[in-house]
Amino acid sequence: MKFLLQRLAFYVFTAWAALTINFFIPRLIPGDPVTSLINKFQGQMSTDAINSLYVLFGLDKNASIGSQYVDYWGQVFHGDLGLSFTFFPTPVSEILRQSLPWTIALVGITTFASFMIGTSLGVLAGWRRGSIMDGLLPVTTFLSSIPYFWLGLLAITLLAGPDSFFPSSGGYEPGLVPSWNAEFIGSAVQHSLLPAITILISSVSGWILTMRNMMVTVASEDYITVAHAKGLPERRVMVSYAARNALLPNVSGFALSLGFIVGGTLLVEIVFSYPGIGYNLFQAVGAKDYPLMQGVFLVITLSVLVANLLADVAYLLLDPRTRKEG
Amino acid sequence: MSAPTSTITAVTPEGPEVAAVPAKRRRLRFVANPKAATGLVVLAFFCLIAIIGPWIAPFDPSARSSDLIQAPSGKHWFGTTHLGQDIFSQVLVGTRGVMFVGLLAGLVATTLSILIGVSAGFLGGAADDSLSALSNVFLVIPALPLIIIVASTIPSAGDLMVALVIGLTSWAWGARVLRAQTLSLRRRDYVEAARATGESTWRIITFEIMPNLTAIIASGFVGTVIFAVMSEITLAFIGISTISEWNWGTILFWAQSQQALAQGAWWWFVPAGLAIAVLGTALSLINFGIDEFVSPRLRSSGHTRVKTKDGHSVRMRVGFTPVLSSKAAPVTPVVPRREEEVA
């Protein structure tokens with residue numbers, strides 16, 4: 001429990017830091033691009049909406065930085081992230097609410113699957129060092145050096161097309177209305193297959209490699225020798241003795257590198273025009289839509305923090321030492 | 001500091017066929033690693049292109065011509081774009097920007113990670129707590145979205161600016177690893193000895209600790225360069241950094257925005273992507289080389305199958321004592337037990 005509380009405190013601290021960074025970025029950069037955008041939409045925006053943008057981007061030069069900071073927090077806690085300029089006049093929070101489930105479904109599931117597949121392959125590669133599994137390593141290195149988005153482009157050219165099973169863009173068939181029926185879900189799954197495979201191929205190799213190296217290190221420990229000497233079946237030594245111990249650093253590594261991975265996978269959404277957060281970020285960057293950009297950053301950071309917390313819980317379940325009281 | 005050359009000679013029961021040659025101290029052991037050597041050669045090639053690329057490019061990368069969207073030919077090795085620009089020249093000229101940003105960002109991030117990681121590990125106490133909290137925060141916050149936001153907020157982000165932004169946001173991993181290693185070095189006997197002889201903290205850090213961190217620093221540097229190259233290309237690909245400066249991401253940006261895929265113009269994005277992949281692989285290979293240099297266990301050994309005299313074939317593995325099933329009767333009587341009982 002103590003371990004979990006410590007981690008929780010750390011994540012609250014990180015969330016605070018991320019929000020503070022978000023507060024300072026627009027204030028430290030010279031020029032205020034948001035003012036020109038507000039002028040452009042003059043007359044179409046309510047006073048409330050303009051006020052909220054003033055608070056978010058620090059346009060009110062008369063207020064002190066301290067009171068700006070307090071106002072900013074109050075507004076973020078109300079879920080008011082301003083109006084998006086790309087999707088005028090939809091609030092940013094509304095756009096994010098629509099696209100977040102898509103990203104969680106695609107990136108969340110594939111990241112988890114890639115970790116599981118990569119770790120199991122890494123266990124085999126580390127245990128049978130010097131076998132053909134080692135020949136696989138250069139191939140996976142090459143695959144992991146390819147940017148996700150480029151692999152996506154390649155996949156679209158080779159596999160998708162007008163009369164192919166894989167659609168090249170979008171999250172579902174254009175005519176369908178999002179709902180929980182079989183037709184829509186089937187279409188959504190069909191559209192997510194190609195992006196998911198792309199993410200899997202390029203992210204799995206990192207896990208194979210770290211797990212292999214951990215297995216190699218663990219394999220020379222005394223308790224492995226003891227397990228062998230006891231005459232335990234090879235499989236049991238590999239899974240319950242070596243892999244279980246090698247997994248621990250890999251899980252904490254998983255938690256720490258989530259930020260990197262999620263950043264990369266968001267780009268796959270851009271290539272496939274997948275209706276998630278990453279595609280929002282792309283649209284926002286293209287249109288210089290700062291409120292949306294900041295909102296996307298906040299949501300991504302908070303999701304990564306939640307995912308980290310889940311990884312910590314998994315670590316707690318795997319490692320009995322952290323459960324010990326005191 | 002010259003180490004004595006090893007005088008240990010191989011003693012084999014077979015006798016004289018192995019001549020007793022004093023083992024030479026090999027100075028370039030790192031380069032002898034095939035992975036590291038391959039990586040270094042490829043990296044050197046890209047550095048060379050980065051320097052001479054703009055001079056050897058056959059065309060001006062931005063110059064338009066009447067050859068619109070042409071497949072690779074003798075005149076245009078990698079084909080042309082929708083404006084008739086030569087893609088081969090674009091790749092050559094673009095190498096400079098990629099390498100510049102990658103190396104500069106790597107340098108900035110590595111310097112920061114040494115400063116923060118080593119001082120956190122060495123100083124300990126409150127300084128350690130606050131510095132590790134700082135690096136953990138930077139580690140958990142998704143770097144790429146942060147870079148995208150900062151770079152797009154800065155008006156006219158050139159190569160230099162992009163490199164600085166990437167460098168300033170991606171030092172955390174290196175700092176974390178360095179801190180852990182410094183922590184384990186700090187109480188070693190030789191450091192204590194140096195402290196006892198009255199060496200200053202500054203001198204202990206630079207002359208006693210740092211040399212032992214070289215491998216970690218190097219691998220951190222290479223890792224950051226990989227990340228920086230990928231980030232920079234991503235930034236160019238989504239159209240954040242200035243489009244007037246050519247780099248591989250810019251080529252991909254135009255290929256994507258001009259529907260190269262729909263037109264079947266594969267030559268537009270394949271060369272730049274392959275260049276990224278080859279550069280990334282080369283850097284990863286260098287890193288594997290460093291890892292294996294530091295921890296020889298990780299080497300994927302080729303000869304693991306050994307034949308014993310009586311015709312058995314055994315696979316040698318680290319941490320395993322091979323047990324040979326001998327035909328002769330066991331010395332101690334073995335009571336056969338079921339596997340379940342043993343487990």
Side-chain angles (χ1 to χ4, degrees), chain A residues 10-11 13-14 17-18 21 25-26 29-31 33 129-130 134 137 141-142 144-147 149-150 153-154 156-157 168 213 216-217 219-221 224-225 228 230-233 236 256 258-260 262-264 266-267 270-271 281-282 285-286 288 290 293-294 296-297 300-301 304-305 308, chain B residues 133 136-137 139-150 152-155 173 176 226-227 230 233-234 237-240 252 255-256 261 264 266 269-270 272-273 276-281 283-285 288 291 295 297-298 300-305 315 317-321 323 339 342-343:
Chain A
F10 168 68
Y11 293 132
F13 176 70
T14 313
I21 291 176
I25 289 175
I29 309 294
R129 202 159 70 97
D134 268 358
L137 293 177
T141 312
F142 182 73
S144 67
S145 307
I146 301 174
F149 64 86
W150 190 70
L153 288 174
L154 214 61
I156 293 176
T157 330
S168 65
N213 288 357
V216 170
T217 314
S220 59
E221 294 282 349
I224 301 292
T225 317
H228 272 294
K230 281 201 287 187
L232 296 184
R236 198 182 145 94
L256 287 175
L258 268 174
F260 284 100
V262 170
L266 291 173
L267 299 170
I270 297 174
V271 175
L281 183 60
F282 176 59
V285 164
K288 299 260 173 218
Y290 293 98
M293 260 190 256
Q294 302 240 307
V296 168
F297 173 68
I300 295 172
T301 311
V304 168
L305 288 183
N308 257 298
Chain B
N136 278 337
V137 166
L139 210 53
V140 171
I141 292 179
L144 197 58
L146 182 61
I147 293 172
I148 290 177
I149 288 177
V150 175
S152 65
T153 319
I154 299 171
W173 185 261
R176 189 186 160 86
I226 299 178
F227 177 72
M230 293 285 177
I233 285 165
T234 306
F237 174 67
I238 32 183
I240 289 178
L252 295 175
Q256 165 87 345
L261 295 168
W266 54 269
F269 59 86
V270 166
I276 299 167
V278 171
L279 177 62
T281 311
L283 290 167
S284 312
L285 283 176
F288 294 162
D291 280 352
S295 144
R297 252 187 227 162
L298 297 177
S300 48
S301 40
H303 313 288
T304 48
R305 206 162 269 283
R315 209 148 62 78
R317 284 190 272 165
V318 177
F320 293 83
T321 313
V323 181
E339 246 170 23
V342 179

**Gap separating the CD1 atom of A:Ile21 from the CG atom of B:Leu146, nearest 0.5 angstrom** = 6.0 Å

**Request:** Enter the distance from B:Phe269:CZ to A:Ile156:CD1 here, rounded to the nearest 0.5 Å.
**Result:** 8.5 Å

**Complete:** If one checks every heavy atom of B:Ile226 against chain A at 4.5 Å, the contacting part turns out to be neither

**Fill in**
Okay, A:Val296 and chain B: the region with an atom under 4.5 Å from a heavy atom over there is neither

**Asked** Listed by chain and number, what are the side-chain hydrogen bond (donor to acceptor under 3.5 Å, both in side chains) partners of A:Asn308, not counting sequence neighbours?
**Response** none

**Fill in**
The interface call for A:Phe149 against chain B, heavy-atom contacts under 4.5 Å, is side chain

**Request:** Considering non-hydrogen atoms only, spot the tightest contact between B:Ile149 and A:Phe297 and give its length.
**Result:** CD1-CB, 2.9 Å

**Message:** What part of A:Leu267 gets within 4.5 angstrom of chain B, counting heavy atoms only: side chain, backbone, both, or neither?
**Reply:** side chain

**Item:** Separation between CG of B:Asn136 and CZ of A:Phe10, rounded to the nearest 0.5 Å
**Value:** 4.5 Å

**Item:** Rounded distance (nearest 0.5 Å) linking atom CG of B:Leu144 with atom CG of A:Leu281
**Value:** 8.5 Å

**side-chain contact (heavy atoms from CB on, under 4.5 Å) partners for A:Ala18, two or more places apart** = A:Thr301, B:Ile141

**Request:** Mind ranking B:Ala133, B:Ser284, B:Ala277 by heavy-atom pairs under 4.5 Å with chain A and telling me who comes out on top?
**Result:** B:Ala277

**Item:** Proximal component of A:Leu153, with respect to chain B [non-hydrogen, under 4.5 Å]
**Value:** both

**Prompt:** Do the non-hydrogen side-chain atoms of B:Phe237 and A:Val271 ever get within less than 4.5 Å of each other?
**Reply:** yes

**Prompt:** If you tally heavy-atom pairs under 4.5 Å against chain B, which of A:Val304, A:Thr14, A:Val285 wins?
**Reply:** A:Thr14

